[in-house]
Amino acid sequence: MHGWSSWVAIGDSFTEGMSDEGPDGHFVGWADRLAAMMAEQSPGFQYANLALRGKILQEIIDEQVPIAVHTRPDLVSLCGGGNDLITPGRDADNVAALFEDAVVELKAAGCTVVMFTGPDPQVQPLLRRVRGKVAIYNGHLHAIAERHGAILVDLWSMKVLHDRRSWCDDRLHFSGDGHRRIALRVAEALSVRTDDDWREPLPPEEPKPWLHSRQADLAWTTTHLIPWIRRQIMGESMGDGLAPKHRELRPYRESRPYRGDDHAANV
């Protein structure tokens, strides 16, 4: 038994589970993977996942934090700010101040809060340009966790996430194995029993021909980078028109992704 009876997960695409696609075509992700472990050890365990791709931190605070405060679960996981940091002109100090306000509100509601540092983006060309901002933001997050007694999961220090195979083809989100390892890392932080170790090294990677790498870069530019730039210019979000997949706190086995037309949109 892990001691947690209820959990509300809030945040953006990281917690929604992009791009860890399940057999039914819906995203799974680290949070759903961990919820399954927790429910197996505690049959009455309740879970909700309000996270949605593309959300900036203010939207998470306005739309998701009040639901968690009203619901008052034992545990709330809060991860946000990444979409703010990759947006030109956003200041890491200001984003961190918003994040701290959310932590204070959740703690006042009696919830244990688990937070996440940003991962080290050095291996990814699009994210690498904001590595300094992520590092500054992470420094704030360490201080916030210490000030308010929150649990901090340090993704930056996870060596397995420094490998490109832990990321998916869009070079923004984690692969299925990346999500699996993050779930194991959070389980460790929450004293949830697991049989696997997130530290297990990846097998040696076979070197790829130069031409193959350049073709992959070109495919990524046309498939992912250009659409991302377009959304930034137009002020659009990948989450527009979509709904959270587990919108109500309920026993995990009764919690199923919302399958309306709004969630079937092409991502």
Closest approach of [X] to [Y] (non-hydrogen atoms, all atoms of both residues):
X    : Y   : value
T15  : A9  : CG2-CB, 3.6 Å
G176 : D20 : CA-OD1, 3.4 Å
P244 : L52 : N-CD1, 4.1 Å
P73  : V8  : CG-CG2, 3.6 Å
N83  : I86 : O-CG1, 3.5 Å
H179 : W30 : ND1-N, 3.1 Å

Any sub-3.5 Å donor-acceptor pair from [X]'s side-chain atoms to [Y]'s backbone N or O?
X    : Y    : result
S42  : M38  : no
E59  : I56  : yes
R164 : V123 : yes
T194 : L184 : no
R72  : A109 : yes
S175 : G178 : yes
D74  : S5   : yes
Q64  : I10  : no
D197 : E200 : no

- Could you check D177 against L202 for side chain to side chain contact (heavy atoms under 4.5 Å, CB included), going step by step and ending with a plain yes or no? CA-CA 10 Å; D177 187 60; L202 291 163; 3.6 Å; yes
Just verifying a value: how many Å separate [X] [atom1] and [Y] [atom2], rounded to the nearest 0.5 Å?
X    : Y   : atom1 : atom2 : value
L57  : N94 : CG    : CG    : 11.0 Å
F27  : M18 : CZ    : CE    : 4.5 Å
I136 : D91 : CD1   : CG    : 8.0 Å

- Query: In chain order, what residues pass the ring-ring contact (aromatic ring centres under 6.0 Å, His included) check against F45, with sequence neighbours excluded?
  - Reply: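 Applying ring-ring contact (aromatic ring centres under 6.0 Å, His included) to F45 gives H2.
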- Message: Once ring-ring contact (aromatic ring centres under 6.0 Å, His included) is applied, do any residues pair with F99, and if so which ones, sequence neighbours excluded?
- Response: none
- Task: Evaluate the ring planes of F116 and F14, with Trp represented by its six-membered ring, and classify them as parallel (under 30°), tilted (30 to 60°) or perpendicular (over 60°).
- Result: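 Because their plane-to-plane angle is over 60°, the rings of F116 and F14 count as perpendicular.
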- How far apart are the C-alpha atoms of I151 and V113, what are their side-chain angles, what is the distance that settles it, and do they pass the side chain to side chain contact (heavy atoms under 4.5 Å, CB included) test? CA-CA 6 Å; I151 298 170; V113 178; over 6 Å; no
- Query: Going by atom types only, do W7 and S77 share a side-chain donor-acceptor pair under 3.5 Å?
  - Reply: yes
- State, without any angle test, whether S13 and H173 hold a side-chain donor-acceptor pair at a distance under 3.5 Å. yes
Salt bridge between [X] and [Y], side-chain N to carboxylate O under 4.0 Å?
X    : Y    : result
R131 : D120 : yes
K55  : E63  : yes
K245 : D32  : yes
R181 : D196 : no

- Hey, mind stepping through E188 and R199 against salt bridge (Lys or Arg N to Asp or Glu O under 4.0 Å) and telling me if it holds? CA-CA 11 Å; E188 181 178 275; R199 301 171 186 80; 3.0 Å; yes
- Message: Consider side chain to side chain contact (heavy atoms under 4.5 Å, CB included). Of N138, L155, I182, which one does P119 pass it with?
- Response: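 The side chain to side chain contact (heavy atoms under 4.5 Å, CB included) with P119 is passed solely by L155 among N138, L155, I182.
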- Query: Run the side chain to side chain contact (heavy atoms under 4.5 Å, CB included) check on V95 and Y137 step by step: do they pass?
  - Reply: CA-CA 8 Å; V95 177; Y137 189 55; 3.6 Å; yes
Compare all side-chain heavy atoms of [X] with those of [Y] and state whether any distance is below 4.5 angstrom.
X    : Y    : answer
L85  : R90  : no
I144 : M115 : yes
V114 : L78  : no
H162 : P121 : no
D12  : R53  : no
Q46  : Y252 : no

- Message: Looking only at the aromatic ring of each residue, does the gap between the centers of Y47 and H246 stay below 6.0 angstrom?
- Response: yes
- side-chain hydrogen bond (donor to acceptor under 3.5 Å, both in side chains) partners of residues 98-109, not counting sequence neighbours, each pair once: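 Only E100-R147, E100-H148 qualify under side-chain hydrogen bond (donor to acceptor under 3.5 Å, both in side chains).
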- Message: With side chain to side chain contact (heavy atoms under 4.5 Å, CB included) as the criterion, how do E21 and V28 come out once you've worked through the C-alpha distance, each side chain's angles and the decisive distance to 0.1 Å?
- Response: CA-CA 6 Å; E21 189 170 312; V28 183; over 6 Å; no
- If you count the non-hydrogen atoms of other residues, nucleotides and ligands that lie under 6.0 Å from CD in E40, is the total more than 12? no
